[in-house]
Amino acid sequence: MKKTKSQEGITASKNENFSEWYTQVVQKCELADLRYNVKGFLVFQPWSVLSMEKMYKYMEKNLQKKGHKPYWFPTVIPKGNFEKEASHVKGFTPEVFWITHGGTTKLSEPLALRPTSETAFYQMFNLWIRSYKDLPFKTYQRAQVFRYETKATRPFLRGREFHWIETHCVHATEKDAMKQVKEDMETNKEVLHDVYGLPFIFFERPSWDRFAGAYRTFASDVLNPDGKVIQQPSTHIISPSFAKAFDIKYKDKDGKEKPAYTTCYGPAISRIFASVVIVHGDDKGLKFPWEIAPVQVVIVPIDSENKEIMKKAESIKNQLEDFADIEIDSSEKRAGEKFNYWEMKGIPIRIDLGLNDIKKKKITIFRRDLDKKEIVSEKDLIEIINQISKEFTKNLIKKADKIFEGRIKKAKSLNEIKKAIEQGLIAKCNFCSVNKEGVSCAEVIEKETNAQVRGTRLDEKSRVSGKCVICGKKANEIVYMARSY
């Protein structure tokens with residue numbers, strides 16, 4: 001039975017039924033197949049893989065430019081490594097997949113499928129670092145990590161295997177470690193925002209929401225159109241006890257042995273991809289920034305059987321493929337079906353090629369950033385597409401940045417916090433403390449609003465006055481609250 005147009009396209013409204021919209025986009029745009037028979041594990045399909053490969057390229061290029069060197073570490077980590085640092089093992093043990101046998105032989109020591117790689121890298125840092133001249137020592141690896149996620153899974157957003165980059169760096173002083181945090185924040189701006197087109201706020205997390213083993217945690221929250229936030233790249237200054245446990249130290253200029261400071265940063269490309277889908281997508285389907293679109297231009301011959309049209313399509317492809325990834329849709333679908341299909345798939349530019357246009361030396365192009373058609377002269381096509389390629393992502397960024405406009409509301413009471421959260425906003429308020437003293441106030445907020453204290457902004461530390469809106473004690477922080485995935 002032939003599918004109807006409504007069955008083939010996206011039928012759910014992003015604003016009215018986000019969950020169903022997201023499910024349909026993942027399935028109908030062929031981003032992932034969910035039918036693999038292990039819960040929480042996806043089969044990534046070409047349309048997501050091609051985009052994420054480009055996302056990796058931009059992130060890795062940025063890291064290498066800033067002095068990070070690439071490594072490939074084993075996927076398995078000995079149990080003994082985890083047990084060297086108490087808070088880390090306590091935080092991650094419930095999420096670890098353990099390998100206990102090799103074939104039928106029981107291993108002398110269980111091996112973990114890495115949930116994160118501090119305990120792998122640090123073992124080697126102990127061997128590699130000797131002098132202050134070795135510092136800063138900046139590494140990264142592109143890898144998959146595995147966590148036994150017990151909550152409900154959702155493709156790309158939450159699963160048991162995800163694809164990421166993790167950096168691990170060693171520094172001489174805590175001040176140097178903080179410089180690395182700020183550099184990671186710059187990387188988020190230069191890649192997450194300026195290439196992937198995602199607006200975010202960079203927070204320092206409260207003490208009860210730190211990475212296991214860290215004593216300061218920072219993270220970028222991307223705001224979705226439905227008012228919820230997604231945590232994206234986080235960066236951490238690791239507790240000194242961690243470096244001490246692995247005996248990471250160096251000899252300073254005075255010849256004295258000193259403890260090192262370590263940081264890590266984790267942009268999860270598969271999770272960031274979810275934000276790209278969510279932030280830029282609309283009721284027609286996907287919209288990709290130019291730089292990370294799986295295919296940037298598609299040529300749609302109105303009649304694939306016409307040799308003259310196909311010859312012209314090949315000619316245009318040859319002219320464009322030096323600066324764009326391009327495909328020709330020579331399928332037997334009707335022209336209208338092809339148009340709807342490629343709009344759903346988020347191709348930045350579609351070239352509609354008909355016989356009448358060819359005779360008039362005119363070309364019809366459709367651009368997904370503005371969702372409009374333009375008829376251009378054939379001789380100007382290359383120049384025009386080149387110009388669109390420079391404008392395309394900027395247009396998506398402008399639209400995405402508007403998500404934040406007016407979405408942060410100052411609240412002076414718990415009731416005002418509730419109202420802001422119900423309206424899909426991020427609330428901010430005076431707060432007593434983001435250390436242990438503030439836990440009970442944070443619990444009140446979560447119980448009453450189903451929102452979490454996301455943290456504080458580094459640029460607001462000196463602007464605090466007044467009282468905590470929950471307990472009435474002196475406010476030492478301005479905190480932000482939002483619902484999250």
Taking the basic N atoms (NZ, or NE/NH1/NH2) and the acidic carboxylate oxygens, is any pair closer than 4.0 Å for [X] and [Y]?
X: K66; Y: E183; answer: no
X: D33; Y: R35; answer: yes
X: K394; Y: D401; answer: no
X: R367; Y: D369; answer: yes
X: K57; Y: E291; answer: no
X: E149; Y: K39; answer: no
X: K84; Y: D247; answer: no

Centres of the F273 and F156 rings: under 6.0 Å?
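Yes.
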Strictly under 6.0 Å, is that where the ring centroids of Y250 and Y132 end up?
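They do not qualify: ring centres at least 6.0 Å apart.
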Flag this pair as yes if the NZ/CZ of R114 is under 6.0 angstrom from the six-membered ring centre of F73 and inside a 45 degree cone about the axis; otherwise no.
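R114 over F73 ring: no.
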Tell me which one of T235, V170, T263 satisfies side-chain contact (heavy atoms from CB on, under 4.5 Å) with Q180.
T263
Is the ring pair [X]/[Y] parallel, tilted or perpendicular, if the boundaries are 30 and 60 degrees?
X: F137; Y: F125; value: perpendicular
X: F288; Y: W47; value: perpendicular
X: F200; Y: H193; value: perpendicular
X: F18; Y: Y485; value: tilted

Tell me yes or no: between the side chains of Q144 and E161, is some donor less than 3.5 Å from an acceptor?
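A pair is found: one side chain offers a donor N or O, the other an acceptor, under 3.5 Å apart.
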Whether K287 side chain and H280 backbone form a donor-acceptor pair below 3.5 Å:
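Not a single qualifying donor-acceptor pair exists.
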Answer yes or no: is there a donor N or O on one side and an acceptor on the other, between the side chain of N476 and the main chain of C432, under 3.5 Å?
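Looks like yes, one N/O pair under 3.5 Å.
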Around atom OH of Y148, are there more than 12 heavy atoms of other residues, nucleotides or ligands at under 6.0 Å?
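No, the 6.0 Å shell around OH holds no more than 12 heavy atoms from other groups.
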Could you check F97, F211, F146 and say which one makes a ring-ring contact (aromatic ring centres under 6.0 Å, His included) with F92?
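By the ring-ring contact (aromatic ring centres under 6.0 Å, His included) criterion, F92 pairs with just one of F97, F211, F146: F211.
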Kindly determine whether K251 and D134 satisfy salt bridge (Lys or Arg N to Asp or Glu O under 4.0 Å), including the steps that lead there.
CA-CA 10 Å; K251 283 190 177 179; D134 298 324; over 6 Å; no
